[in-house]
Amino acid sequence: NLPQIIWHGHACFEITDDLTIVTDPHDGKSIGIETPMVKGDIILVSHDHYDHNSVRTVEKKDSTVVRDVGKKNIKGIEIEGIESFHDEVKGAKRGKNIIFKFKVDDITFCHLGDLGHIPDKDILDKIGEVDILFIPVGGVYTLDADSAWETANLIKSRIIVPMHYKIQGLSLPISDVDPFLAKNKFKVIHVGNQIDIEKEDLPSEREIWVFSL
């Protein structure tokens, strides 16, 4: 089985191999898009806002939910939660946010959650080398196109996956992906809703992967 990434809209991704990891689940209807049809073995929640923490939508009997910082090994997957903030004033406006770094089939993923500031050296050191970076780009509640690029250029990843932007039906007042893509100097690949990945197939030059529902 090749590892697969499937997008369920917003910041919700499913990374499936022998296990299924689900990031920042929403329930669909409360933000105007489809409900994620997936059950996670491991569910990562970056912060407790309703469009990121709908665990009940994606959980099953033996799901493990991770919503705290620190390193742990769950079901054989190395996961690290890194403390960050949901705004540019150290959480004063919107509280804390957890960046999750995890490894599946020797591929290192980093999901920035609702990161609202450019990460400092301490956070960057903890993130380290990354293969696939999920980065919010819609602004208002998170990084906008400019600060997302600044952040993406600080985190060395082979693949950048924009998330948390306006798509058809989404009821949140955020920007679409175009301002982010307009500043891009890398190859853009529209991967559709899902993609199979293998470590040895990852590009040597950076690419942007744009998912669609």
Cation-pi between K185 and W149: NZ/CZ under 6.0 Å from ring centre and within 45° of the ring axis? yes
Result for side chain to side chain donor-acceptor pair (under 3.5 Å) between H52 and one of H26, H164, R67 points to H164
Salt bridge (Lys or Arg N to Asp or Glu O under 4.0 Å) against K96, all qualifying residues, sequence neighbours excluded: E83
Are V210 and F180 side-chain neighbours, meaning at least one heavy-atom pair lies under 4.5 Å? no
Looking at K29 and E34, is any side-chain nitrogen of the basic one under 4.0 Å from a carboxylate oxygen of the acidic one? no
Who passes salt bridge (Lys or Arg N to Asp or Glu O under 4.0 Å) against K156, sequence neighbours left out? none
Remaining members of V58's ILVMFWY cluster at a side-chain heavy-atom cut-off under 4.5 Å? V22, V38, I43, V45, V55, V65
Run the salt bridge (Lys or Arg N to Asp or Glu O under 4.0 Å) test against K183 and tell me which residues pass, sequence neighbours left out. D146
Could you check whether D51 and H10, counting side-chain N and O atoms only, form a donor-acceptor pair closer than 3.5 Å? yes
Linking I/L/V/M/F/W/Y whenever any side-chain heavy atoms sit under 4.5 Å apart, do L154 and I82 land together? yes
Give me the atom names and distance for the closest heavy-atom approach of K103 to T108. CE-OG1, 3.5 Å
If you count heavy atoms of other groups shown closer than 6.0 angstrom to NZ of K199, is the number above 12? yes
Just wondering, more than 12 heavy atoms not from E129 lying within 6.0 Å of its CD? no
Partners passing ring pair (Phe, Tyr, Trp, His ring centres under 6.0 Å) against F134 (at least two apart in sequence or in another chain): F13, H111
Do L172 and L143 share a hydrophobic cluster (ILVMFWY, side-chain heavy atoms under 4.5 Å, transitive)? yes
Full working for ring pair (Phe, Tyr, Trp, His ring centres under 6.0 Å) between H86 and H49: CA-CA 11 Å; H86 199 325; H49 287 174; 5.0 Å; yes
Please say whether more than 12 non-hydrogen atoms of neighbouring residues, nucleotides or ligands are located less than 6.0 Å from NZ in K90. no
Taking C-beta and beyond as the side chain, do I160 and R206 meet within less than 4.5 Å on heavy atoms? yes
For K71, does the NZ atom sit with more than 12 other heavy atoms under 6.0 Å from it, leaving out its own atoms? no
By salt bridge (Lys or Arg N to Asp or Glu O under 4.0 Å), which residues pair with R158, not counting sequence neighbours? D131
In the single-linkage hydrophobic clustering (I, L, V, M, F, W, Y; side-chain heavy atoms under 4.5 Å), do L213 and I5 co-cluster? yes
Less than 4.5 Å apart, side chain to side chain, heavy atoms only: is that true for P36 and T57? yes
Are I6 and L2 connected in a single hydrophobic cluster, I mean Ile/Leu/Val/Met/Phe/Trp/Tyr linked by side-chain heavy atoms less than 4.5 Å apart? no
Does any donor atom in the side chain of T142 or D114 lie under 3.5 Å from an acceptor atom in the other side chain? no
Connected via hydrophobic side-chain network under 4.5 Å: W7 and F102: yes
Check: F100 and I79 side chains under 4.5 Å, non-hydrogen atoms: yes
